[in-house]
Engineer: 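The structure is given below, and queries will be raised subsequently.
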Amino acid sequence: MELLNEALKRTGYEYDTLMNLMQVSVSKHILDEYYTLVWCNDYYYELIGYPREEYEALFHNKPAWYYVNDDLDIHDEKLWMQLSAKVMETLESGGKYYNLNTRMRRKHNGNHHDYMWVRLSAYLTDEYVDGYQVSYSVMTDITDVMDMRLEQSVTYDSLPGFVSKFRVSRNLEFKLLEANDRFFAFFGKDSLDSLDNTLYRENIERNMQVFMEHKSAITNGNPVHFTVQMKDRFGNDAWLQINASCIGYQEGDPVYLAIYIDITNETELRQMQQKLEAQAEQLRSALQTAEEANRAKSDFLSRMSHDIRTPLNAVLGMKDIADAHLDDPVRVKDCLKKIGLSGQHLLGLINDVLDMSKIESGEMVLREDSMSLPEVLENVVAIMQPQFSEKKQHFSIRLRSVEHEQFLSDALRMRQIFINILSNAYKFTPINGTVSMEVCEKQAVDGIARFCFTITDTGIGMKPEFLSHIFTAFSREKDSRVDKTEGTGLGMAITKRFVDMMGGTIEVSSELGKGTCFRVELPLKIEERQFEKGNFYGLRIIVTDDDAAMCEYMAEMLGQLGIHTDWVDSGVQTLEMINAAKQNGEMYDAVLLDWKMPDLDGFETTRRIRELCGSRLPVLIISAYDWSAVEKDAKKAGVTGFLQKPIFVSTLIHGLQRYVLGGQSAREAQGTDIGAGFAGRRFLLIEDNALNQEVARELLAGMGAFVDTACDGAEGVEKFRQSPEGFYDVILMDVQMPVMNGYEATKAIRTLNRDGAKTVPILAMTADAFAEDIQAAKDAGMNGHMAKPLDRSTLWKEIGRYLNNNPSIETAGDGTIGFHWKPDPSRS
């Protein structure tokens with residue numbers, strides 16, 4: 001055992017001796033934020049000039065502290081950033097090696113530090129310490145080589161001029177170190193005396209303004225280029241162009257190698273100058289183009305980061321609420337619904353992020369899809385409501401003169417516009433403040449409805465001078481009240497861009513300390529398919545809301561449905577009206593109550609209604625607040641149901657059908673139709689991913705369809721070829737598959753010599769979701785395209801377009817309803 005220990009000691013001694021004899025620094029580092037030093041040989045300390053004990057006492061084996069310290073030059077910080085960037089580049093690329101030629105500070109006995117050039121070679125091991133990767137580094141002193149290379153690189157072209165080497169202090173004192181013969185022929189040999197030389201001192205003072213303009217660059221060791229007017233040793237004036245580069249440091253001061261070119265009367269040099277300026281302009285233009293492209297990418301990604309966080313917050317919040325109420329199926333179902341709404345919005349944003357063409361150009365493209373305005377606003381309310389609740393802010397949303405609900409537009413962009421403005425209102429409105437949104441249809445001409453969306457808050461407001469910059473990217477008002485408020489400064493720039501793309505306008509007015517109002521006008525293309533209002537003649541309903549304008553609008557909408565409507569603005573008046581109606585034998589058929597009212601809220605009013613006339617009278621709460629959070633208390637008070645603000649005509653129809661007439665709402669009826677809509681149909685599902693295959697098969701089977709499957713394109717083609725004529729109603733085709741992809745399989749089916757091969761509907765069902773993918777599917781012979789992830793409603797709608805003799809599919813989901821109701825005498 002002793003022999004073994006002796007052998008190990010001898011081996012270690014020989015290893016250390018070898019490392020030191022190599023005259024290179026060898027060290028081991030942990031790649032954490034400090035680049036922590038684990039071990040090194042003696043030459044490491046010899047190279048930097050610090051004894052081991054002093055280095056450890058000052059810097060605690062943390063090279064980051066060696067580079068970045070309050071009493072060190074900014075030059076050291078730049079060197080540290082250069083090294084950090086190289087390490088991060090290697091880590092992110094998964095590389096194992098990197099080499100770097102860089103300057104490094106040495107300890108100096110005086111008050112300043114010297115710098116040397118080193119070649120740093122590193123190897124990243126598979127060893128980890130506390131989760132950080134370990135690397136071995138070798139440093140070699142290459143100062144002599146680099147100094148020679150720098151001097152040669154600057155003077156190589158034998159330019160018509162003279163050369164000098166200066167050391168420049170922090171207060172711009174120029175110490176001439178050496179120069180070539182041409183320099184001394186112009187200024188005189190005694191120029192080496194520097195400030196003691198009268199001509200030298202005069203030339204420096206004469207051009208001090210020029211030097212001061214470049215002081216920051218000079219003292220930081222950056223290249224400089226400028227023109228000065230100086231006298232030669234004979235007293236003649238000359239214009240000199242100076243090009244200087246830093247080639248090293250002495251006692252912390254940069255050392256410059258400078259080339260002087262006399263441009264006084266040299267036509268050839270003037271032409272050269274013009275060419276240089278033209279080249280410089282071309283370089284500036286190229287740099288500007290590159291910066292604009294980079295800015296477009298950064299802008300796009302920053303915008304996406306800003307937009308994605310809002311629906312993601314709703315998803316995570318609803319997940320936590322569902323976890324806390326697993327024993328309440330109704331609450332969990334509501335959370336899942338809101339997660340679905342936010343998830344669809346998030347999916348649209350992710351699709352944009354993944355579209356590389358948009359990232360490259362920084363541009364967006366509008367879609368023109370079927371869009372339900374009630375669904376858009378329901379989605380916006382679901383996403384924003386948790387945030388308003390968090391700050392106990394009072395949020396309301398109301399409609400005026402809205403006649404159309406279905407449009408052809410970009411639902412994603414519209415949601416982003418409203419969410420961005422409402423997010424701003426939430427951030428800059430204090431606790432218990434008020435945020436309101438009004439939706440007004442102003443006019444409809446030639447199939448275009450012009451809508452005005454007004455969002456008002458009682459927040460801190462903005463200074464007049466900031467309003468003109470509010471739509472500028474990355475702009476935020478400098479105000480101590482908002483300095484701690486998170487935000488990128490992109491939200492309003494994004495909003496303005498989307499409004500412009502949609503052909504609309506956006507205006508903002510604000511008063512410091514009183515709040516802000518955004519007014520957005522958008523032209524929306526009316527979709528031909530609108531819901532039928534129907535009628536409910538004979539119904540009598542009372543509406544209660546402390547907002548008189550809301551009451552008037554509700555009464556107008558109910559009147560369009562043939563309903564006699566009374567409205568009041570307080571719970572007390574509601575009870576008086578119901579009591580009078582009961583005495584007169586003309587009992588109401590339903591009560592629509594706002595939840596938040598000043599005297600009696602909706603719940604307390606409901607309790608008293610139940611005391612007055614029992615449980616037969618339907619009482620519906622209308623509110624923009626989250627129903628799931630208070631549903632138990634509402635039902636305990638006797639509330640029959642809930643209608644989510646904003647209240648569209650279709651919202652009223654669904655609610656009346658469900659809660660007042662005792663039937664299914666149109667939305668529920670649609671769900672029932674979907675459940676059996678594909679009964680008797682047979683589909684061929686060609687999908688290689690087992691999980692995706694299972695999901696699609698279960699969804700389609702749940703709608704009554706028979707589903708055959710194939711695991712790749714070749715198998716799918718063979719199954720179709722062997723099937724009887726007309727056996728499959730639709731083929732659902734994945735695109736990226738082994739053996740034969742979806743495009744190839746579609747082309748193969750279309751060329752089969754059998755009936756139905758050219759006419760059977762083939763729908764792409766794929767994660768390839770961009771415009772070029774849709775075109776590729778069409779070019780291959782597919783009839784349609786569905787982007788994953790899929791859900792029941794998407795499958796129902798898209799597949800239904802290609803099935804004949806299925807009336808239910810043609811009408812499902814359009815919200816149509818037409819009722820004629822006769823009153824029940826027993827209610828009075």
Side-chain angles (χ1 to χ4, degrees), residues 309-347 374-397 415 419 422 426 591-597 601-607 610 615 618-647 651 654-660 662-672 674-675 699 702 789 791-793:
R309 291 179 185 276
T310 302
L312 186 58
N313 177 68
V315 169
L316 296 177
M318 287 298 110
K319 174 260 181 188
D320 290 339
I321 294 173
D323 280 343
H325 296 83
L326 293 176
D327 57 342
D328 186 348
V330 175
R331 189 71 180 275
V332 171
K333 185 177 181 181
D334 179 73
C335 289
L336 291 175
K337 174 189 173 184
K338 291 173 180 174
I339 288 173
L341 289 171
S342 299
Q344 288 298 321
H345 183 57
L346 194 58
L347 177 62
E375 289 182 8
V376 168
L377 294 179
E378 180 183 0
N379 197 173
V380 170
V381 171
I383 290 173
M384 292 303 306
Q385 190 55 254
Q387 299 182 57
F388 292 132
S389 299
E390 179 185 355
K391 288 178 70 172
K392 298 180 181 179
Q393 292 170 340
H394 306 285
F395 174 62
S396 63
I397 180 169
R415 285 196 299 266
I419 288 173
L422 288 170
Y426 155 76
V591 181
L592 303 184
L593 278 176
D594 185 27
W595 174 20
K596 297 285 188 178
M597 293 187 294
D601 65 17
F603 294 169
E604 181 58 30
T605 303
T606 301
R607 291 188 189 96
R610 296 301 176 218
S615 61
V619 178
L620 307 183
I621 293 292
I622 52 176
S623 178
Y625 292 86
D626 187 5
W627 170 245
S628 61
V630 296
E631 185 176 7
K632 286 185 178 179
D633 292 338
K635 289 185 175 179
K636 186 176 180 180
V639 173
T640 309
F642 173 75
L643 299 182
Q644 174 79 54
K645 288 184 180 179
I647 305 296
T651 310
H654 299 321
L656 294 176
Q657 174 64 4
R658 176 178 180 182
Y659 297 115
V660 179
Q664 286 183 309
S665 71
R667 293 171 182 170
E668 291 175 324
Q670 175 185 340
T672 303
I674 288 178
L699 289 174
D791 55 29
R792 280 164 52 92
S793 61

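Source: prediction; values computed, not measured. In this chain, residues are counted from 1 in sequence order.
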Engineer: What do you reckon, is NZ of K391 surrounded by more than 12 foreign heavy atoms closer than 6.0 Å?
Structural biologist: yes
Engineer: Any chance you could measure E390, atom CD, to Q385, atom CD, to the nearest 0.5 Å?
Structural biologist: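 Rounded to the nearest 0.5 Å, the CD-CD separation comes to 12.0 Å.
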Engineer: Less than 4.5 Å apart, any side-chain heavy atom of V619 and any of R610?
Structural biologist: yes
Engineer: What is the minimum heavy-atom distance between F603 and D633, and which atoms define it?
Structural biologist: CE1-CB, 4.2 Å
Engineer: Can you label the angle between the F388 ring and the F395 ring as parallel, tilted or perpendicular, going by 30° and 60°?
Structural biologist: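 Rings of F388 and F395: parallel, under 30°.
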Engineer: Please round to the nearest 0.5 Å and tell me the distance separating atom OG1 of T606 and atom NZ of K636.
Structural biologist: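 The OG1 atom of T606 sits 14.5 Å away from the NZ atom of K636.
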Engineer: Once you round to the nearest 0.5 Å, how far does CG of L377 lie from CD1 of I397?
Structural biologist: 5.0 Å
Engineer: How long is the span from the CG atom in D594 to the CD1 atom in I621, to the nearest 0.5 Å?
Structural biologist: 8.0 Å
Engineer: Heavy atoms, side chains only, cut-off 4.5 Å: are T651 and Q644 in contact?
Structural biologist: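 T651 does not reach Q644 side chain to side chain.
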Engineer: Before you tell me yes or no, could you show the steps for M597 and T605 under side-chain contact (heavy atoms from CB on, under 4.5 Å), namely the whole-Å CA-CA distance, both residues' side-chain angles and the distance that decides it to 0.1 Å?
Structural biologist: CA-CA 10 Å; M597 293 187 294; T605 303; 4.1 Å; yes
Engineer: Just verifying a value: how many Å separate L620 CG and Y659 OH, rounded to the nearest 0.5 Å?
Structural biologist: 7.5 Å
Engineer: Between the side chain of R331 and the main-chain N/O of H325, is any donor-acceptor distance below 3.5 Å?
Structural biologist: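 No, R331 side chain to H325 backbone: no donor-acceptor pair under 3.5 Å.
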Engineer: When rounded to the nearest 0.5 angstrom, what is the spacing between CG in L656 and CG in L643?
Structural biologist: 7.5 Å
Engineer: How close do R415 and N379 get, heavy atom to heavy atom, and via which atoms?
Structural biologist: CD-OD1, 3.1 Å
